[in-house]
Amino acid sequence: MKAALNVLGVLGQAVKASKLTGYAALRNRPATVGDVAELTTPPAAAGTFTATTTSALDNGGTVIASATPGVMWVRDGVYNTALAPM
């Protein structure tokens, strides 16, 4: 399931996010740094992720690999903020 919606990005700018279902959908989606995706289900995994370059490995929750080499999806909020970007 993919749809676009407007969300506030890490720096407070309105960006379009793709709605995805499950971590597998994030791993299968190509990403460009700055892309935003909203994981809608399962409820325990729901959240907004921003594509970024990081040396952190896929840990199945806060950092998820993308289909693009060298680009990872990082959960926004406590782990990826304007004051503490990943």
Side-chain angles (χ1 to χ4, degrees):
M1 176 175 135
K2 283 192 202 178
L5 74 153
N6 287 324
V7 297
L8 291 180
V10 172
L11 299 177
Q13 300 171 349
V15 294
K16 286 197 173 193
S18 296
K19 282 190 173 186
L20 303 171
T21 303
Y23 290 124
L26 278 176
R27 290 185 179 102
N28 291 329
R29 186 173 191 277
T32 300
V33 172
D35 286 352
V36 177
E38 180 186 11
L39 192 63
T40 57
T41 57
T48 304
F49 291 77
T50 299
T52 187
T53 56
T54 179
S55 59
L57 300 176
D58 186 326
N59 63 17
T62 56
V63 179
I64 306 296
S66 77
T68 304
V71 179
M72 305 295 273
W73 293 107
V74 178
R75 185 179 294 274
D76 292 337
V78 175
Y79 307 102
N80 191 31
T81 66
L83 296 176
M86 284 188 80

* Ala25: side-chain contact (heavy atoms from CB on, under 4.5 Å) partners, not counting sequence neighbours -> Leu20
* Would you name the heavy atoms of Tyr23 and Ala45 that are closest together and state the gap between them? => OH-CB, 3.4 Å
* **Set of residues satisfying side-chain contact (heavy atoms from CB on, under 4.5 Å) with respect to Asn59, sequence neighbours excluded** => Thr62, Val63
* **Sequence neighbours excluded, every pair satisfying salt bridge (charged side-chain N to carboxylate O under 4.0 Å, His left out) that has a member inside residues 61-74** => none
* Asked: So do the side chains of Thr21 and Thr40 get within less than 4.5 Å of each other, counting heavy atoms only?
  -> yes
* Shortest non-hydrogen contact between Ala51 and Ala31, atoms and distance -> CB-CB, 3.7 Å
* Asked: salt bridge (charged side-chain N to carboxylate O under 4.0 Å, His left out): which pairs involve residues 41-53, sequence neighbours left out?
  -> none
* Kindly write out the residues that satisfy side-chain hydrogen bond (donor to acceptor under 3.5 Å, both in side chains) with Asn28, not counting sequence neighbours, or none if the list is empty. => none
* Would you confirm whether Arg75, through its side chain, and Ile64, through its main-chain N or O, come within 3.5 Å as a donor-acceptor pair? => no
* Under 3.5 Å, is there a donor-acceptor pair between the side chain of Ser66 and the main chain of Thr68? -> yes
* Pair listing, salt bridge (charged side-chain N to carboxylate O under 4.0 Å, His left out) test, anchored in residues 57-67, at least two apart -> Arg27-Asp58
* Can you check whether Leu26's main-chain N or O pairs, donor with acceptor, with Trp73's side chain at less than 3.5 Å? -> yes
